[in-house]
Every structure is written in C-alpha cells, then in structure tokens.
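Take a look at the structure set out below.
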Protein chains: 2
Amino acid sequence: MSDPNIPKLSTTHQPVTCENCNLDNLCIPKGLDRQEIGELALLVSRNNIRQKGEAIYHAGSPFRGMVALRSGSAKLVSFDQAGNELVVGFMLPGEIMGFDGLATQLHTCTAIALETINYCHLPAHKVEQFESSMPSLSHILLQRSCDELDAQVQKMLLSRRSAEERVASFILNVSERLRVRGYSELEFRLSMSREEIGNHLGIAHETVSRIFHLFQSRNLIEVKSKQFRIVDKKELFNFYTTYSLNSPK
Amino acid sequence: MSDPNIPKLSTTHQPVTCENCNLDNLCIPKGLDRQEIGELALLVSRNNIRQKGEAIYHAGSPFRGMVALRSGSAKLVSFDQAGNELVVGFMLPGEIMGFDGLATQLHTCTAIALETINYCHLPAHKVEQFESSMPSLSHILLQRSCDELDAQVQKMLLSRRSAEERVASFILNVSERLRVRGYSELEFRLSMSREEIGNHLGIAHETVSRIFHLFQSRNLIEVKSKQFRIVDKKELFNFYTTYSLNSPK
DNA sequence: AAGATTTCTTGACCTAGCTCAAGTTTCTAG
DNA sequence: CTAGAAACTTGAGCTAGGTCAAGAAATCTT
C-alpha cells in the first residue's frame, strides 16, 4: 500500500498549511506572494477525506467552493440526458477542481475519488471576501481556468487521432503531470479502470486493453494490472506523433 | 448583403460605446454596474474591422487583450504538429475571444473572420490596470472563462454521439445563440463552410452534406447553400435526444 | 459575363474500432 | 482464506462513417 514512489506529504508532525505545503508551487498559491499565501491559508479547510467511490461534489448541487487535491486521484464526470457517464478528466495531487460550478453556481460535473483522497477546500463565500481584499485571487483562478481551457483544446486535438495515439498520449500526459508533482514519471499506479480510461478517451475499454497489450508487445511499456512502467518513452512519443505526420497536406 | 434578420448595430449617429451598445447584456459589461461600465468604456478600442479570412490574432503570438465581437462571425482554430487545422469553435456577435492566450500570455489558437467583422478590443495592460482598481473585472472574466469550460464539456458529451445527433445539436446551438442575441432563431445564414462545420464536429464534410440532405428530406430544415431555415425545431430536437435514450443501462 | 477556382453533393467502397461473447484475472467482503 | 463480484483480456464479426472520385453549384476574378 505504501508506494515508495509517492513523496510523503509531511515529514514533520507540524500541521500542514498553505505556507509549508509541498504542493504550493502547483496549487492555488502559485503566483501569490508570501503574505497572500498566509491570508489564503486562513481561509482553507484542510484534511478532508473521501474514500474510493465517494463524491466530493455532485452535478446539479450548488457551488460551495474550490477543491485542491492533496493526495490521491479523482475523476470528474458529467452525464447526458440518458444518464450515461462521461469522464471529463482525471485529477492528480496539486490540481484544482470546481471550475464546473463557478459560472452558474451549480456544478455541471460530479467529482469522485478514485482511491482514498485528502483535499483542501476553499469555501465560496470566503473566496469572494478574499477577492475584494486581495484581487490577485480571482486573477489566479482566471489563469487556472484558462489553463483548463488550454487542456480542453489539447483533448479536442487528440479526439481527431487514432485510438493508439490517444492511449500513447494519455500515458505520456499522466507521466508528465506526475513528474511535475515530484512522483516517478516512469513508474506509477493508475487508479482508474480501463473502462474509465476508455470513456475519457472516447474509445471502448476493450480497445484500451488491446492497445496496452500492443504497446507491451512492442516494448514501449510494461503493464501489470494497474501498475505501469514506461520502458521506451521516446518511442512511445514517436508512436504518438508519427501518425499525424502522415496526415494530408 | 443587408440581411433583414440582422438587427442594426446603431440607429443613431452618436458613436457606440459600452454604455449604449446593444450587446451590453452579452458582452463583458454583463454583471458590471453602470459606473463600472463607464470605466470599461474608456479602456476599449472600438470599430476594429477584419475582412473574411483575415486573422484577429495568431496562435503563438503574444496575448494583447480580449476581443469582443460586435458584428459578423469568426472561427477559433488550433493546429496539431502536422499543421492540420482544428476548428475549436465559432464565435457570434457579443461573444468574447482571447481566453486561449490568457493563461500563458501566448495564444494557443488563431482567430479568423468568417465574413467582414467589427470588434472591440480590451488591451491586456489596461485589463490589469482596471483589475486592481475594480476587482469585478477579473471576476467577470473568470465567469466567462468558466462558461467556456461548461461549453467544452457539452462538446465532449456531443463527441460521443452519432454524426446525425452532432449536426442536429450544432444547428440548434447556433439557433439558440442567435436568438439570445436578437437575431431570428429559425432563419439564418451560416457563414462557415461544410468543411469547417465538419472539422468542428469531428466528421467529414461529405457527412455534413449528407445529413443536411437527410434533414431536409425529412422536413426538419431547409438549406440552400449557406442559408438555413429550421422547419421543425421540436422534431429536430427529438432527433437529437432520441438516440441517447436508446443508450445502454 | 466568362472562365477559373472553390465549395458542395452524391455514389461506391473500405476500415478502425465497436459490439457481443466467453474466458481469466484481480479485488472485495465475510 | 474463500466465494462472489468486478475488472480485464481476447476473439470474431459488423457497421458508422471515413476516403476517394467525379460531377454540379456557387463564388471569385478580371
């Protein structure tokens, strides 16, 4: 259960706040100065826990504030009229959720823990209060939400690619996000199911399985259940870009 | 050229500013109070013109500010490594562009006029200046960018549907956006090509043609070149939702 | 207004990846 | 530790929609 690749959240027994959190360079504080971080720390509720499968917030429920994942991963899902689930995205530690409720004050997505998670919560009413005294916060949130928009465009670009390219890109994307967060970029555990990966990428879970098998047979990766190892990152990347070079024009 | 369905931009000879613009309920001013709109009006450069095919900004170029379309329509495109174009979205009058450059200060998309357009420009440095004196602006922009995120989730949901459903949904989406903006919702001109529609929806342009033909043969719409008329909105909507009800589970 | 170019339409064929099915492995709860 | 459930794998067709092609219509240019 205790994975050597996962950095410890806190090494001392002193309680973690935004000031000494090791995710400060990824989370909301990124871009705030020391004093602002101190003010932010006072507003944030820490050490919220959810078990695997439990929701952090539900589609349709009122927006209560922003959520910053501290450990564990989650999925963001939306539903169509028939109740079919669409996996909008996966969230890793240091990443921020809640933008789907900000525009209308009602969440359009449900956030679900993929394993036991620990998260911080920045209540909506305190956001507003903080905003008037410290305009930087809405600016930071604006930046983050535009980051999300950029990521969405990347996903749209990906949706024009073959199933193989999508899977290769997915693996590299997770790897890079883990690397930035201080985890091992070449060996990790993906807590989401093949079904969830396929749903997110717009392909059948059987296809995901087949492609993992294909990549393994070509010595690009090693997969054992949910445990992944990237063997040939360069080739995996080539695999994923080569096709588009064959594209017309 | 002068379409009776298109509301006149200004009926008097007094120059249009944010205070008396008929798009104030859709554009940036939405959510600002009278005094704030007045301040905003001082920062905005008006009556910028682009001809069909000309760019408003380019992917990779530095962010210079937000753009609000006043008349005419535009497309937002992104490119993959091979230079293939992806139509990220279409913009109608009163809609705001530029979020794709806000996070990194470099545009990830190119904005191109689909016909002669007139737009307002809110320069980036003035945005910042305005933000510190009037925190509401970044809040407004945050809202708008989260609106965009919501729209992106809708597009993701759509990408799981059949080609027919995508086209039906596209027509209804444009119709609704035109309605909100005071244009006729049942009869309009779509200035984008079949190619651009197909690209945006993730289907071949031949498929777009075939489906327009199918819809016309079923008396749901009338299409003549770029001119559209929705004949049976209810049925078109049913067409688009029926399938998902057949979905599993 | 004629020619050139682009866009649109329609047909015929083809394939990536979906669906269905059945066996296997992994996880979960007592 | 064991039984049952859930997740995963692998195979075999099948089909939605892509690609290619060629003609028609619309649009642009001079």
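Throughout, a chain's letter reflects where its sequence line sits, starting with A, and its residues are numbered from 1.
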*Whole angstrom value for the distance that separates P of dA16(C) from CG of Leu201(A)*: 19 Å
*asked:* Nearest whole Å is fine: how far is dG17(D) C1' from Glu165(B) CD?
replied: 14 Å
*asked:* Which heavy atom of Asp100(B) sits nearest to which heavy atom of His107(B), and what is that distance?
replied: OD2-ND1, 2.9 Å
*So does Lys224(B) get a side-chain nitrogen or oxygen closer than 4.0 Å to the phosphate oxygens (OP1/OP2) of dA26(D)?*
yes
*Is any side-chain N or O of Arg210(A) under 3.5 Å from a base N or O of dT19(C), one able to act as donor and the other as acceptor?*
yes
*Can you check the His205(A) NE2 to dC20(C) C1' distance for me, whole Å?*
11 Å
*With sugar-phosphate meaning primed atoms plus P, OP1 and OP2, does Glu206(B) contact a base, only sugar-phosphate, or nothing at under 4.0 Å between heavy atoms?*
base
*Determine yes or no for a side-chain-to-main-chain donor-acceptor pair under 3.5 angstrom, with Arg50(B) supplying the side chain and Ile117(B) the backbone.*
no
*May I ask you to verify whether the side chain of Arg166(A) and the base of dG17(C) hold a donor-acceptor pair under 3.5 Å?*
no
*Would you indicate which nucleotide in dT10(C), dC18(C), dT7(C) comes nearest to any side-chain atom of Thr207(A)?*
dC18(C)
_Distance in angstrom units between Ile211(A) CD1 and dT9(D) C1', rounded_ = 14 Å
*Candidate nucleotides dG17(C), dT10(D), dT26(C), ranked by approach to the side chain of Ser225(A) - the nearest*: dT26(C)
*How many Å lie between CD on Glu195(B) and C1' on dT19(D), as a whole number?*
13 Å
_Closest-nucleotide mapping onto DNA chain D: is Ala163(B) or Phe212(A) further toward the 5' terminus? I mean the 5' end._
Phe212(A)
*Taking Arg46(B) for its side chain and Val16(B) for its backbone only, find out whether a donor-acceptor pair lies under 3.5 Å.*
yes
*asked:* Checking the side chain of Arg181(A) only, and the main-chain atoms of Gly94(A) only, is there a donor and an acceptor separated by less than 3.5 Å?
replied: no
*Between C1' of dT27(D) and NZ of Lys226(B), the distance in whole Å*: 10 Å
*Given atom CD of Gln51(A) and atom P of dA29(C), what is their separation to the nearest angstrom?*
11 Å
*Specify the separation, in whole Å, of atom NE2 of His213(A) and atom P of dG11(D).*
7 Å
*asked:* If the threshold is 4.0 Å, N to carboxylate O, is there a salt bridge linking Lys233(A) and Glu185(A)?
replied: yes
*Could you tell me whether Gly202(B) contacts a base, only the sugar-phosphate backbone, or nothing, with contacts defined as non-hydrogen atoms closer than 4.0 Å?*
sugar-phosphate
